[in-house]
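For ligands, and for the atoms within them, numbers begin at 1 and follow the listed sequence. Everything numeric in this text was worked out from a predicted model, so none of it was measured.
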Amino acid sequence: KHCILLGVPLQEGTGRLGCDMGPGGFRAAGLAGALQELGHSVEDRGNLAPAPQRPLGHPNQAIKHLPEVVAWTEALAEASYRLGAEGMPIILGGDHGLAAGTLSGFSRRAAETGRPFFVLWLDAHPDFHTLDSTVSGNLHGCPVAYATGRPGFEGYFPPLAAPVNPENICMIGIRSVDPAERTALTAAGVTVHDMRAIDEHGVGPLLQAFLKRVAEANGVLHVSLDVDFLDPGIAPGVGTTVPGGATFREAHLIMEMLHDSGLATSLDLVELNPFLDERGRTALLMVDLVASLMGRRVMDRPTRAGTA
Ligand code: DIR
Ligand code: MN
Ligand code: MN
Ligand code: MN
């Protein structure tokens, strides 16, 4: 495949600083080299710049950095739409607020090709708040609500060319859901596999059922991987750790199955905070997961001395 890396150093969507170093962290952890070793071509387009900001006031006083997140969304929606026609875009975050841009841009691209757009959301959180329902005011908690066309974003975020069908979204790893999100997720028909479902059934069958749906619909699949999907014990480099996350093998199995399916066409890597990481171990784990998604198998995995 032709992999296109794009850094998106957005950090205003989270409550703490450091996600702006995420793209550098992924590069330092050897992402491009790992992809090349697997036989892929890699083009690093550097880091995106946000669109110009305009002043925006919202009645919900909790909201933080609305003009900044909107400016990044405008730029990234356009960039994603373009990159979607050029190869396999891998977006190096930056906080999860950037998914407002990737989901809308890749969905618009899919709509033009006439294929249905599906999303695999790997996260401790569903990020399904609207501008009205967010309590923390951290806008990385809102991208899925925006991209699915939930009301209240009009006049703030850019209009959606192709809202994502919530029934085409599968969330895995969920374990921190706010009350307003819970009711809205059920009403919208999003598939939510929380950690208990993983404990009971295993990630394999849960993911297989979703991949079957995507394949039967001849769909396009975007994968959005939040570092906090992983258990904090193996992935400490994130500002919003939640205990009881996915294990090393659960995460790799998902990536290996995605590779075998051949369905994934774009990828977000988000919420890496190198300031909180332990000697790059979270960045290295994320790079290894991308390698599994792009074809590395257990039997070929290089041994790494002195890390993790
Ligand atoms: C919480 C946490 N639901 C909020 N969200 C996220 O702030 O709205 N943490 N995305 O990573
Ligand atoms: Mn600000
Ligand atoms: Mn998230
Ligand atoms: Mn999260």
Q: Give a yes/no verdict on whether any heavy atom in H140 is under 4.0 Å from an atom of ligand 1.
A: yes
**Q.** Among the N, O or S atoms of H96, the one nearest the Mn ion (ligand 3)
**A.** ND1
Q. Given that the side chain starts at C-beta and the backbone is N, CA, C, O, which of these parts of H129 lies under 4.0 Å from ligand 1, counting heavy atoms, or is it both or neither?
A. side chain
Q. So, H140 and D127: side-chain donor and acceptor under 3.5 Å apart, yes or no?
A. no
Q: Answer with yes or no after comparing the ring centroid distance for F118 and H222 against a 6.0 Å cut-off, counting only values under it.
A: no
Q.
Tell me whether D178 has any N or O atom under 3.5 angstrom from an N or O of ligand 1.
A. yes
Q) Does any N, O or S atom in D123 come within less than 2.8 Å of the Mn ion (ligand 3)? A) yes
Q.
Suppose we measure from atom 5 (N) of ligand 1 to each protein heavy atom; which comes out shortest, and what is that distance?
A. H125 CD2, 3.7 Å
Q. F229 and I254: which non-hydrogen atoms are nearest, and at how many Å?
A. CZ-CD1, 3.6 Å
Q.
One thing to verify: whether R249 and E256 come together as a salt bridge, which I'm taking to mean a side-chain N less than 4.0 angstrom from a carboxylate O.
A. yes
Q) Just which atoms of ligand 1 are under 4.0 Å from any heavy atom in E181? A) 3 (N)
(Q) Tell me whether the Mn ion (ligand 3) has H125 as a neighbour, meaning an N, O or S atom of it below 2.8 Å. (A) no
Q. Does D226 bring an N, O or S atom to under 2.8 Å of the Mn ion (ligand 4)?
A. yes
Q: Begin with the C-alpha distance, continue with both residues' side-chain angles, and end with the deciding distance and a verdict on salt bridge (Lys or Arg N to Asp or Glu O under 4.0 Å) for E86 and R45.
A: CA-CA 12 Å; E86 294 181 47; R45 298 275 178 97; 2.5 Å; yes
(Q) Check this for me - ligand 1, E271, N or O atoms closer than 3.5 angstrom, yes or no? (A) no
Q. Taking the minimum heavy-atom distance to atom 4 (C) of ligand 1, which of S176, A180, S136, C142 ranks first?
A. S136
Q) Does the cation-pi check pass for R150 over F128, that is, NZ or CZ under 6.0 Å from the six-membered ring centre and within 45° of its axis? A) yes
Q | D228 neighbourhood, listing ligand 1 atoms whose heavy-atom distance to it stays under 4.0 Å | A | 11 (O)
Q.
I'd like to know if the Mn ion (ligand 4) has an N/O/S atom from D228 within less than 2.8 Å of it, counting both backbone and side-chain atoms.
A. yes
Q: Check D127 and report its N/O/S atom nearest to the Mn ion (ligand 3), by atom name.
A: OD2
Q | R196, CZ: over 12 other non-hydrogen atoms inside 6.0 angstrom | A | no
Q. Taking N or O atoms only and a 3.5 Å limit, does D127 qualify as a polar contact for ligand 1?
A. yes
Q. Could R175 and D194 be called an ion pair, given the rule that one side-chain N must be under 4.0 Å from one carboxylate O?
A. no
Q | Within the 6.0 Å centroid threshold, strictly below: W121 and H96 | A | yes
Q. In terms of side-chain geometry, is the basic nitrogen of E112 or R109 positioned less than 4.0 Å from the acidic oxygen of its partner?
A. yes
